[in-house]
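Lettering follows sequence order; numbering is per chain, from 1. Small disclaimer: the values here were computed from a predicted structure and weren't measured.
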Amino acid sequence: MSRPMSANFHDILAERGFIAQSTDAEIRARFAGPAPVTAYIGFDPTADSLHVGSLVPIMGLYWLQQCGHRPLVVVGGATALVGDPSGKTEARKMLSREDVQANAQAIARQIGSVVRFDDSATGAVLLDNADWLASLTWIDLLREAGPHFSVNRMLTMDSVKGRLEGNGISFLEFNYMVMQAYDFRQLYRSHGCTVQMGGQDQWGNIVMGLELARRTDEAHLAGLTFPLVTRSDGGKFGKSEKGNIWLSPERTPPYEFYQFWRNVGDADVRKFLGFFTTLPMAQVDALTAEGGAAINHAKEVLAYEVTRLIHGQAAADAAKASAQAAFSAAKDVSGDAIPHAALAAAELAPGIGILALCVKAGLATSNGEARRLIAGGGLSLNDQPVADDKRVVTPTDAVEGRLVIRAGKKRWFRFDIG
RNA sequence: GGGUAGAUUCCGGAGUGGCCAAACGGGGCAGACUGUAAAUCUGCUGUCUUACGACUUCGAAGGUUCGAAUCCUUCUCUGCCCA
């Protein structure tokens, strides 16, 4: 498979805002040659799903593949057993090996919806660093790799420094960067991998690997980091009322996923279109050229495109249709993508307290929270404001066999009576 | 090993016998305004309760007291310093 000569990977990344730092000025030339370049990104299998924060590196792999290079997806089966100290102020809990393996499988499936895995020259390859790290022995590792790591230097790494100033760092975590450096060299040896990419917090780890390979193998590897995605208003990216926005439809339903992107701030739309969609930048510029309310169209495109990429065309169509219906004047919330559940007529017949119904719908986590919601004027039933927290909902409240309760303007839940 | 400081509700961080479900800030939720935006203003932010109130919470377990997040004992964990 030959590479299309038109697009240089580095140019695309630069144009789309993906490059935070790179290890050498000539890195662009690495991607300009006729042969595919093999590059890797590591993912931590600390949960059974990635969240939207991981979408930046995933898109990095996507473009790498589109430009005719080969992505390696390294799941940190071994490193997850240790825990990355980067960006944390305290230790994370250790996971069992079974958990890590199950998580790794789930994560690989998610990446697979964006990146093609196969045996071709540009097909992505899934690897688990436990395959080479787990069998190492302590003494061999110390003798072979140990001399090439300067503790003085390691102590100056941001990832470590943060912890030295915080609650301390354990020896276990201190070894994380050694493991990751070892990974890079290992992938160079086994797969001819010459580039590692990652989030900006991975800079130190990437540099360690590069130095190790230079010292032991005289290899000239390169690294590239992606910027930390921030929100223009200073809030954390990828968080919502309910916490993280996940890629798995079980944790974050596609409708909610769509809504997350639909609700980004004006100032972030252009940046996010560059990061999280595959639309040509010329089109992105056209979409975001107009300011003011016109930006809403760009947000719809953003939400649709990202949802399509992760959850597929059908889910994106459904989410879009439901959102448009629900937020239009008619407030039609009959669509399948709107969060809903069946409610047995027999259960409703004797009457259900509005508080209980709220909790059942997941709009509040306790009766007290539901009560506060009502006190604040934020709850409505079938579009009628609910002012009385003692309100009992009966079958006569159902409209066309449905009960629609709404918390605030954006959170809905529908019960289908049956 | 020795010394010393600390562990508070989602986070940071006050509180050092009753006025503490616990200041203040952040975060979060809701209302107003809007464009399903931002900014701003307002209210709420342990559980149960119509309410009165009850119950659980201040690292863990015991104890003193009419009464403890606050005092005592032991334990666990952490920071810093010394050797």
Taking atom [atom1] in both [N] and [M], compute the distance separating them and give it to the nearest angstrom.
{"N": "U45(B)", "M": "A60(B)", "atom1": "P", "answer": "25 Å"}
{"N": "A38(B)", "M": "C29(B)", "atom1": "P", "answer": "11 Å"}
{"N": "A69(B)", "M": "U16(B)", "atom1": "C1'", "answer": "9 Å"}
{"N": "U34(B)", "M": "C20(B)", "atom1": "P", "answer": "41 Å"}
{"N": "A22(B)", "M": "U8(B)", "atom1": "C1'", "answer": "9 Å"}
{"N": "G59(B)", "M": "C77(B)", "atom1": "C1'", "answer": "8 Å"}
{"N": "U70(B)", "M": "G62(B)", "atom1": "P", "answer": "14 Å"}
{"N": "A5(B)", "M": "A54(B)", "atom1": "P", "answer": "39 Å"}

**Message:** Taking the nucleotide of RNA chain B with the nearest heavy atom to each, does A407(A) or N263(A) sit closer to the 5' end?
**Reply:** A407(A)

**Fill in**
By nearest-heavy-atom nucleotide on RNA chain B, the more 5' of L355(A) and G265(A) is G265(A)

[X] [atom1] to [N] [atom2], straight-line distance once rounded to whole Å:
{"X": "K390(A)", "N": "A51(B)", "atom1": "NZ", "atom2": "P", "result": "8 Å"}
{"X": "D389(A)", "N": "C44(B)", "atom1": "CG", "atom2": "P", "result": "16 Å"}
{"X": "F260(A)", "N": "A37(B)", "atom1": "CZ", "atom2": "P", "result": "14 Å"}
{"X": "I295(A)", "N": "G35(B)", "atom1": "CD1", "atom2": "C1'", "result": "11 Å"}
{"X": "R262(A)", "N": "G35(B)", "atom1": "CZ", "atom2": "P", "result": "12 Å"}
{"X": "Y255(A)", "N": "U36(B)", "atom1": "OH", "atom2": "P", "result": "13 Å"}
{"X": "L302(A)", "N": "U36(B)", "atom1": "CG", "atom2": "P", "result": "16 Å"}
{"X": "W261(A)", "N": "A37(B)", "atom1": "CH2", "atom2": "P", "result": "17 Å"}

Going by purine N1 to pyrimidine N3 plus the second Watson-Crick contact, or the G-U wobble pair, all under 3.5 Å, which nucleotide sits opposite [N]?
{"N": "C24(B)", "value": "G12(B)"}
{"N": "U73(B)", "value": "A61(B)"}
{"N": "A30(B)", "value": "U42(B)"}

**Item:** Ring centroid separation F184(A) to Y40(A) under 6.0 Å
**Value:** yes

**Item:** Aromatic ring proximity F413(A)/H340(A), centre distance under 6.0 Å
**Value:** no

**Message:** So for E369(A) and U45(B), does any side-chain atom that can act as donor or acceptor lie under 3.5 Å from a complementary atom in the base?
**Reply:** no

**Message:** Give me the atom names and distance for the closest heavy-atom approach of C67(A) to N8(A).
**Reply:** SG-C, 4.2 Å

**Request:** Verify whether one side chain among N103(A) and D48(A) offers a donor that lies under 3.5 Å from an acceptor in the other.
**Result:** no

**Request:** Taking atom types as modelled, find out whether Y304(A) and Q313(A) have a side-chain donor-acceptor pair closer than 3.5 angstrom.
**Result:** yes

**Prompt:** Between D317(A) and R308(A), is the closest basic N to carboxylate O distance under 4.0 Å?
**Reply:** no

Taking the side chain of [X] as its heavy atoms from C-beta onward, which of [options] lies nearest to it?
{"X": "N367(A)", "options": "A37(B), U49(B), U34(B)", "answer": "U49(B)"}
{"X": "R372(A)", "options": "U36(B), G35(B), U45(B)", "answer": "U45(B)"}
{"X": "S366(A)", "options": "U36(B), C48(B), U50(B)", "answer": "C48(B)"}
{"X": "R371(A)", "options": "C33(B), U36(B), A51(B)", "answer": "A51(B)"}

**Prompt:** CD of Q21(A): more than 12 outside heavy atoms within 6.0 angstrom?
**Reply:** yes

**Item:** Cation-pi geometry met for R185(A) and Y182(A) (6.0 Å, 45°)
**Value:** yes

**Asked** Do any side-chain nitrogens or oxygens of K410(A) fall under 4.0 Å of OP1 or OP2 in A37(B)?
**Response** yes

**Option passing ring-ring contact (aromatic ring centres under 6.0 Å, His included) with H311(A) (candidates W261(A), Y255(A), F257(A))** = F257(A)

Which part of the nucleic acid, if any, lies within contact of [X], taking any heavy atom under 4.0 Å across all strands shown: a base, the sugar-phosphate backbone alone, or nothing?
{"X": "V264(A)", "answer": "sugar-phosphate"}
{"X": "L379(A)", "answer": "nothing"}
{"X": "A323(A)", "answer": "base"}

For nucleotides 52-55 of chain B, list the nitrogen or oxygen atoms of the protein found under 3.5 Å from its nitrogen or oxygen atoms, one pair per line.
none

